[in-house]
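These numbers come from the heavy atoms of this one structure, side chains and all, not from hydrogens, waters or symmetry mates. Counting from 1, the numbers follow the sequence of the chain as shown.
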Amino acid sequence: MNSSKRQSIIAISIACIVVAALLTFYGLSRSKVNEVALNDLQSSLSSSTLENSFDNQSKTSTKDASQNSQTTVLNTEKAQSTSAKNTTYPINLNTCTYDDLVSIDGIGDSRAQAILEYRDYLGGYTDVSQLKDIRGIGDATFAKIEPYVTV
């Protein structure tokens, strides 16, 4: 093998290694799906599904699985619409439910779940301003929801 051919092969090999390293770095440094938001979404979906499934099983134990899933969807929609109508403001952060929190403009599914989880972590809120400690609730969001909550 002559010297120039060997040098070409070595240069191509080094270039391949550099490209592989760059691609690996790029793949690892790219931001992934927000794992916290994804976990919040999964836990809120599974907790509400479990609660509704339990309620439906106790009420309709003789129905088949397809009817139960349809009933779960209907009961979830009914619960959301009735809870939004029956909520009086301001709501107490230490006694409120997920549906109470979701009814406030500016609080979605993941924020409501985060508020409830932080309440469990603290053992109860002592001041409304503790909501600012939750990731995703800054000064602007806090100012928007503050009139609707109390301790």
Do we see a donor-acceptor contact under 3.5 Å between the side chains of D109 and Y98?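 A pair is found: one side chain offers a donor N or O, the other an acceptor, under 3.5 Å apart.
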Would you kindly say whether Y89 and S103 are connected by a side-chain donor-acceptor distance under 3.5 Å?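 Side chains of Y89 and S103: pair found under 3.5 Å.
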Distance check, rounded to the nearest 0.5 Å: [X] atom [atom1] versus [Y] atom [atom2]?
X    : Y    : atom1 : atom2 : answer
F142 : I134 : CZ    : CD1   : 10.5 Å
I107 : K144 : CD1   : NZ    : 10.0 Å
S110 : Q113 : OG    : CD    : 9.0 Å

Verify same cluster id: L116, Y121 (apolar side-chain graph, 4.5 Å):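 The answer is yes; both residues are in one hydrophobic cluster.
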V19 and I9: same hydrophobic cluster, using ILVMFWY side-chain contacts below 4.5 Å?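 Cluster IDs for V19 and I9 differ.
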So [Y] and [X], do their side chains get closer than 4.5 Å, heavy atoms only?
X    : Y    : answer
R119 : L93  : no
T150 : I91  : no
C96  : L101 : yes

Reference residue D100; test side-chain contact (heavy atoms from CB on, under 4.5 Å); the match among I104, T97, V102: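 Among I104, T97, V102, the one meeting side-chain contact (heavy atoms from CB on, under 4.5 Å) with D100 is T97.
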Kindly give the heavy-atom pair with the smallest separation between A143 and P147, and that separation in Å.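 Nearest pair, atom of A143 first, then P147: O-CD, 3.6 Å.
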Sequence neighbours excluded, which residues qualify as side chain to side chain contact (heavy atoms under 4.5 Å, CB included) partners of T141?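 Partners of T141 by the side chain to side chain contact (heavy atoms under 4.5 Å, CB included) criterion, ordered by chain and then number, come out as R111, I137.
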For the pair N94 (side chain) and G124 (backbone), establish whether a donor and an acceptor sit closer than 3.5 Å, ignoring hydrogens and angles.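 Absent.
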Would you say N2's side chain and K5's backbone share a donor-acceptor pair under 3.5 angstrom?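 Yes: the side chain of N2 pairs with the backbone of K5.
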Before you tell me yes or no, could you show the steps for L131 and V149 under side chain to side chain contact (heavy atoms under 4.5 Å, CB included), namely the whole-Å CA-CA distance, both residues' side-chain angles and the distance that decides it to 0.1 Å? CA-CA 10 Å; L131 290 176; V149 294; 4.1 Å; yes
